[in-house]
Protein chains: 2
Amino acid sequence: MDNIKPETCRYGVEASLEIIVGKWKPIILLHLLHGGTKRFGELKRMLPDITQKMLTTQLRELEEQEIIMRKVYPEVPPRVEYSVTEYGRGLYDILQQMHEWGIAHLEYMAKKNSR
Amino acid sequence: MDNIKPETCRYGVEASLEIIVGKWKPIILLHLLHGGTKRFGELKRMLPDITQKMLTTQLRELEEQEIIMRKVYPEVPPRVEYSVTEYGRGLYDILQQMHEWGIAHLEYMAKKNSR
DNA sequence: CAGTATCCCGGCCGATACTG
DNA sequence: CAGTATCGGCCGGGATACTG
């Protein structure tokens with residue numbers, strides 16, 4: 001990590017973390033990145049263990065950061081669709097790398113614990 | 001995010017997060033990655049706002065995951081040195097990307113709020 | 001110098017019930 | 001269908017004091 005000061009890096013890293021940290025945020029993002037636009041109910045079904053309240057709050061927070069877009073169709077019954085913004089797609093590489101390193105780490109720790 | 005299932009990615013991403021999430025972990029890692037081996041007191045001085053207890057616990061957790069190494073010199077007064085393991089260096093790319101995306105995000109949000 | 005030991009608070013998150 | 005409202009528990013993290 002040459003020619004980069006920790007004090008400088010820190011803020012960027014923490015800003016990124018603030019976005020993806022949240023019990024359900026990574027998996028919500030992965031679903032939207034992978035499957036495209038989804039309705040509230042679809043997401044709810046894809047995440048069987050999440051409560052409606054948590055799904056709502058996590059989505060609202062991601063929306064506030066402009067990582068996802070919320071589109072409301074004025075129909076009855078209501079329809080609301082969520083999708084990742086162009087801007088939010090920039091998180092793809094980070095999530096991808098975290099995925100790869102994380103899997104390797106899980107295997108490393110598993111092997112270690114089996115010794 | 002083609003040909004990768006969210007359910008599969010999820011675990012890797014969360015495993016990575018479990019390591020770098022912690023109020024002081026990113027900056028501790030950045031300091032050790034950037035400045036190499038450091039003593040407990042050096043780190044404490046570099047992070048003026050951290051309490052001794054927090055520094056200890058964050059270091060212990062990173063050590064448990066084998067991201068950093070703790071070396072104790074049997075001297076009086078005691079000397080303890082911390083360094084990033086070869087294995088832990090694999091986090092470099094992730095932190096680097098989070099830094100870049102995060103800085104861009106901060107600027108994006110700053111510009112937005114100034115409109 | 002490099003830690004422990006206690007005490008304590010705020011906020012994330014879950015359970016549950018209600019609604020336009 | 002897609003949300004709010006309310007209550008409550010857990011635990012990450014801080015303040016402070018003590019120690020081999």
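Chain letters run A, B, ... following the sequence lines, proteins first and then strands; every chain starts at 1. Source: prediction; values computed, not measured.
Looking only at distances, a side-chain donor or acceptor of B:S16 sits under 3.5 Å from a matching main-chain atom of A:G102. Although no hydrogens or angles enter the test, the distance criterion places no donor-acceptor pair under 3.5 Å between the side chain of A:T37 and the main chain of A:S83. No donor-acceptor pair closer than 3.5 Å links the side chain of A:K5 to the backbone N or O of A:R10.
Residue A:M54 contributes atom CE, which lies 15 Å from atom C1' of C:dT16 at whole-angstrom precision. One interatomic measurement links the two molecules: CG of A:L55 to C1' of C:dC12, which rounds to 16 Å at whole-angstrom precision. Separating the CD atom of B:E14 from the C1' atom of C:dC13 is a distance of 14 Å, rounded to the nearest angstrom.
Contact annotation: the side chain of A:D93 never approaches that of B:W101 to less than 4.5 Å [non-hydrogen atoms, C-beta and beyond]. Put simply, the side chain of A:W24 does not reach to within 4.5 Å of the side chain of A:L55, judged on heavy atoms. Taking 4.5 Å as the limit, every side-chain heavy atom of B:E107 sits out of range of all side-chain heavy atoms of B:K111.
For the strand DNA chain D, secondary-structure stems (runs of at least three Watson-Crick or G-U pairs, all distances below 3.5 Å) span C:1-20 with D:1-20.
Projected onto DNA chain C by closest heavy-atom contact, B:Q52 and A:E61 fall at different nucleotides, the more 5' of which corresponds to B:Q52. The 5' end of DNA chain D is approached more closely, in terms of each residue's nearest nucleotide, by A:P77 than by the other of A:R60 and A:P77. Along DNA chain C, the nucleotide closest to A:T51 and the one closest to A:P78 are compared, and the more 5′ of them pairs with A:T51.
Within 4.0 Å of B:E81, counting heavy atoms only, lies no atom of the nucleic acid at all. Using a 4.0 Å heavy-atom criterion, one finds that A:Q58 contacts the sugar-phosphate atoms exclusively. As judged by a 4.0 angstrom heavy-atom cut-off over every strand, B:K53 is placed among the base-contacting residues. Among the protein residues, A:Y82 comes within range of the sugar-phosphate backbone only, with heavy atoms under 4.0 Å from sugar or phosphate atoms but none that close to a base. Using a 4.0 Å heavy-atom distance criterion, A:R70 is classed as a sugar-phosphate-only contact.
With rounding to the nearest 0.5 angstrom, the CD1 atom of A:I67 is 10.0 Å from the CD1 atom of A:I20.
When DNA chain D is scanned in the 5' to 3' direction for atoms under 4.0 Å from non-hydrogen atoms of chain A, the outermost contacting nucleotides are D:dC1 to D:dT6.
A donor-acceptor contact under 3.5 angstrom links the side chains of B:Q96 and B:E100, judged on distance only.
Other residues, nucleotides and ligands place no more than 12 heavy atoms under 6.0 Å from the CD atom of B:E86.
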